[in-house]
**Q** 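This structure is in structure tokens; I'll ask about it shortly.
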Amino acid sequence: IALRAETLRRYETEVRPGLDAQDKLLSTAVAGGQIDVVALTAAEGLILRQRATYVDMRLACYRAWLVLDRTAGRRYSGGGV
């Protein structure tokens, strides 16, 4: 659980800001007519896949907490990742 939580924290501090910046740059490039539709679609697909990976990581972390809760028979405070 600690490893999954650390992976989430690392994603949120290192990967997510880069994806947000890339998304903003793409929007600027599209608005200025500096990128074609094919390149935009490919770049957006990459961003969406990375965001989906993040959602999958969060889900795995929640599931790990649920398994711990069920196994221990009580709720632990870490479930709110």
Side-chain angles (χ1 to χ4, degrees):
I1 293 175
L3 178 61
R4 289 183 180 179
E6 179 58 32
T7 302
L8 285 174
R9 280 190 286 279
R10 178 177 238 168
Y11 183 93
E12 290 168 355
T13 60
E14 296 178 19
V15 177
R16 192 171 176 185
L19 290 175
D20 292 343
Q22 185 178 3
D23 206 15
K24 187 175 181 178
L25 286 172
L26 284 172
S27 296
T28 302
V30 168
Q34 300 171 345
I35 190 169
D36 63 21
V37 175
V38 174
L40 173 67
T41 303
E44 285 291 331
L46 176 63
I47 291 170
L48 289 174
R49 282 190 299 278
Q50 290 298 319
R51 292 186 192 277
T53 298
Y54 171 68
V55 170
D56 290 342
M57 287 188 301
R58 286 190 59 151
L59 179 59
C61 194
Y62 280 120
R63 284 182 174 160
W65 278 112
L66 286 173
V67 167
L68 178 62
D69 290 348
R70 287 180 185 152
T71 302
R74 70 179 189 97
R75 177 149 170 78
Y76 284 87
S77 61
V81 173

**Q** Applying salt bridge (charged side-chain N to carboxylate O under 4.0 Å, His left out), name anything that partners R10, two or more places apart in sequence or on another chain.
**A** E14

**Q** What pairs with E12 under salt bridge (charged side-chain N to carboxylate O under 4.0 Å, His left out), at least two apart in sequence or on another chain?
**A** none

**Q** Apply side chain to side chain contact (heavy atoms under 4.5 Å, CB included) to V67 and list each qualifying residue two or more places apart in sequence or on a separate chain.
**A** T71

**Q** Does the side chain of T53 reach to within under 4.5 Å of the side chain of V15, using non-hydrogen atoms?
**A** no

**Q** For the CG atom of L19 and the NZ atom of K24, what is their distance to the nearest 0.5 Å?
**A** 15.0 Å

**Q** Does anything in residues 31-58 pair up under ring pair (Phe, Tyr, Trp, His ring centres under 6.0 Å), and if so which pairs, sequence neighbours excluded?
**A** Y11-Y54

**Q** What residues form a side chain to side chain contact (heavy atoms under 4.5 Å, CB included) with R63, not counting sequence neighbours?
**A** L59

**Q** Going hydrophobic residue to hydrophobic residue with side-chain gaps under 4.5 angstrom, can you get from L25 over to L48?
**A** no

**Q** Applying side chain to side chain contact (heavy atoms under 4.5 Å, CB included), can you list everything that pairs with T28, at least two apart in sequence or on another chain?
**A** none

**Q** For the atom pair CZ (R58) and CG (D56), what is the distance rounded to the nearest 0.5 Å?
**A** 12.0 Å

**Q** Please enumerate all residues that pass side-chain hydrogen bond (donor to acceptor under 3.5 Å, both in side chains) together with D20, with sequence neighbours excluded.
**A** R51

**Q** What heavy-atom pair brings A5 and C61 nearest, and what distance separates the two atoms?
**A** N-SG, 4.1 Å

**Q** Please collect all salt bridge (Lys or Arg N to Asp or Glu O under 4.0 Å) contacts where either partner lies in residues 32-49, sequence neighbours excluded, each pair once.
**A** none

